[in-house]
Amino acid sequence: MRKGLFALAAVGLLATGSIAACGDDSSSDTGSTSSSAKGKVGVILPDTKSSQRWGTDDPKFLKAAFDAAGISVDIQNAQGDKTQFQTIADGMISSGVKVLMIVNLDSGTGKAVLDKAKAAGIATIDYDRLTLNGAADYYVSFDNVKVGELQGQGLVDCLTANKAVKPVVAELNGSPTDNNATLFAQGYNSVLDPKYADGTFVKGPNQDVPDWDNTQAGTIFEQMLTSNKAIKGVLAANDGLGNAAITVLKKNKLNGQVPVTGQDATVQGLQNILAGDQCMTVYKAIKKEADAAAELAIAIASGQKPTTATGSITDPESKKDVPSVLLTPQSITKDSVKDVIADGFVTKDAICTADFAKACTDAGIS
Ligand code: BGC
């Protein structure tokens, strides 16, 4: 639909020669005029399918932060393609960016890009995902183990509310190539493993979803449910994977009876919560994450030494410390969907469409 509109607009704009810019809605070079003495920043986002955030939220908040500082930024999205990721990086490096910020598609290709940037004297920031062995200058993310703990606890709370007796729990993990997925699993398994061990819960099927691919997640969960009809709870690592499970549960008339977790407070995830099909999500204030990363990049691009990294994390592979900013995630259930709206991350209009009007009123969203 959106592409169709762009195509139409392009016809009208033939004479201006701006078709390429129009068609490429993932790139947003601000072309700021006040930035002549300051360096430019390049940002590479991973895809637009694994989560709403990469196509919508992160580019919006990042652009706003750089625009406000009068720093020129080129934000591009690799659309899940590792070759494309490298090509974008090469372009940014040769265009003379002073800072390169990446969300890697996997640590290997991420490291190759960071190495090239470093060799060209460009400062590097790992945004949201740590590139293992990548030795970026800075890392900005959330406390991702905490994200997982909130998911695990959310599922425990929903199963307890359901008075579930020895429920079989299935786990749909994120991409095995994403260090965050490892940290999320570490967090939720620290809550679930003791429950499996003491017999309160029964450990069911557990699988990684390559590239966080939502379609594959549906296929995987369908197989899980076919071979284990007794599944009574689903730990899904983000809202997209959660929605894939909910779609399968709906087909089996089990939605609403089997709690499913999520992450990212996407419009779809929040609506699934209001509908009673999803137990919880984890809200990560992307604006804060974008602002923190932009603050580091802006300092470097302005020729200053950043002072805003508040801590450091140890890269589990290289054992090197990476100066970091790690923000705090928040658990969201039906009663607190309104908090995400109040924080300005999502509008009431986006969530409370006709189908959800009553659920919104019931959840105190006015
Ligand atoms: C991010 C999540 C996102 C997932 C899939 C993770 O690295 O932290 O917010 O849902 O990737 O894109």
Side-chain angles (χ1 to χ4, degrees), residues 26 43-62 77-82 85 101-107 109-110 125-132 134 136 139-151 154 171-188 208-217 220 235-245 260-270 272 278 280-290 292-293 313 324-332 340 345-346:
S26 60
V43 180
I44 315 179
L45 299 174
D47 66 68
T48 46
K49 286 189 180 159
S50 67
S51 174
Q52 159 201 305
R53 60 175 295 180
W54 309 122
T56 308
D57 310 309
D58 294 272
K60 177 179 80 186
F61 291 124
L62 286 166
N77 192 301
Q79 305 294 352
D81 181 334
K82 288 164 199 164
F85 193 96
M101 195 191 293
I102 66 163
V103 184
N104 72 57
L105 284 168
D106 64 47
S107 284
T109 52
I125 301 177
D126 267 337
Y127 183 63
D128 200 70
R129 298 179 181 164
L130 183 72
T131 303
L132 298 176
Y139 173 54
V140 177
S141 193
F142 284 81
D143 178 340
N144 292 310
V145 175
K146 182 78 196 168
V147 169
E149 287 169 8
L150 295 176
Q151 293 172 317
E171 297 184 23
L172 275 177
N173 309 307
S175 175
T177 59
D178 179 352
N179 182 58
N180 284 347
T182 309
L183 300 174
F184 302 147
Q186 192 182 315
Y188 52 75
D208 295 346
V209 179
D211 302 323
W212 295 91
D213 185 305
N214 292 189
T215 313
Q216 281 197 60
I220 291 171
L235 192 306
N238 80 355
D239 284 355
L241 305 188
N243 187 64
V260 178
T261 63
Q263 168 180 191
D264 287 344
T266 61
V267 169
Q268 187 177 58
L270 294 171
N272 280 338
Q278 186 170 325
M280 57 85 70
T281 188
V282 178
Y283 172 50
K284 303 191 295 188
I286 307 292
K287 181 178 187 307
K288 284 195 187 139
E289 188 180 18
I313 56 112
S324 306
V325 179
L326 291 186
L327 301 159
T328 306
Q330 187 187 338
S331 181
I332 300 294
V340 185
F345 182 63
V346 67

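Predicted model, so just to flag it, every value in this text is computed and none were measured. Counting starts at 1 for both ligands and their atoms, in listed order.
Of the protein's non-hydrogen atoms, Asp264 OD1, 2.8 Å is the one closest to atom 9 (O) of ligand 1. For atom 12 (O) of ligand 1, the closest non-hydrogen atom on the protein side is Ser50 OG, 2.6 Å. Looking at atom 8 (O) of ligand 1, its nearest protein heavy atom turns out to be Asp128 OD2, 2.6 Å.
Close contacts of ligand 1 with Arg129, meaning ligand atoms under 4.0 Å from a residue heavy atom, involve 4 (C), 5 (C), 6 (C), 7 (O), 11 (O), 12 (O). Within ligand 1, the atoms closer than 4.0 Å to a non-hydrogen atom of Ser51 are 10 (O), 12 (O), numbered from 1 in the order shown. The contact set between ligand 1 and Asp178, taken as ligand atoms under 4.0 Å from a residue heavy atom, comprises 6 (C), 7 (O), 11 (O). Listed by number with element, the atoms of ligand 1 under 4.0 Å from a non-hydrogen atom of Phe184 are 8 (O).
Contact check for Glu149 versus Tyr188: no side-chain heavy atoms found under the 4.5 Å cut-off. With a 4.5 Å cut-off on side-chain heavy atoms, Gln216 and Asp211 do not count as touching.
Judged by distance alone, the side chain of Gln263 and the main-chain N or O of Ala237 form a donor-acceptor pair under 3.5 Å.
Neither the backbone nor the side chain of Tyr127 has any atom closer than 4.0 Å to an atom of ligand 1 (non-hydrogen atoms only). In Asp47, neither the side chain nor the backbone holds a heavy atom less than 4.0 Å from any atom of ligand 1.
Ion pairing of Lys49 with Asp213 is absent here, as no side-chain N (NZ or NE/NH1/NH2) approaches a carboxylate O to less than 4.0 Å.
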Please report the C-alpha distance between Asp128 and Tyr139 in whole Å, then the side-chain angles of each, then the deciding distance to 0.1 Å, and finally whether the side chain to side chain donor-acceptor pair (under 3.5 Å) criterion is met.
-> CA-CA 7 Å; Asp128 200 70; Tyr139 173 54; over 6 Å; no

Side chain to side chain donor-acceptor pair (under 3.5 Å) evaluation trace for Thr266 with Asp239 = CA-CA 7 Å; Thr266 61; Asp239 284 355; 2.9 Å; yes

Asn179 and Thr182: side chain to side chain donor-acceptor pair (under 3.5 Å), yes or no, with the steps?
-> CA-CA 5 Å; Asn179 182 58; Thr182 309; 4.5 Å; no

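Ring geometry for Tyr283 against Phe345 counts as tilted: the plane angle lies between 30° and 60°, on a 0 to 90° scale.
For Asn144, no nitrogen or oxygen atom sits less than 3.5 Å from a nitrogen or oxygen atom of ligand 1, counting backbone and side chain alike. Distances between N or O atoms of Trp54 and those of ligand 1 include at least one value under 3.5 Å.
Scanning Lys284, Lys49, Glu289 for the heavy atom closest to atom 2 (C) of ligand 1 points to Lys284.
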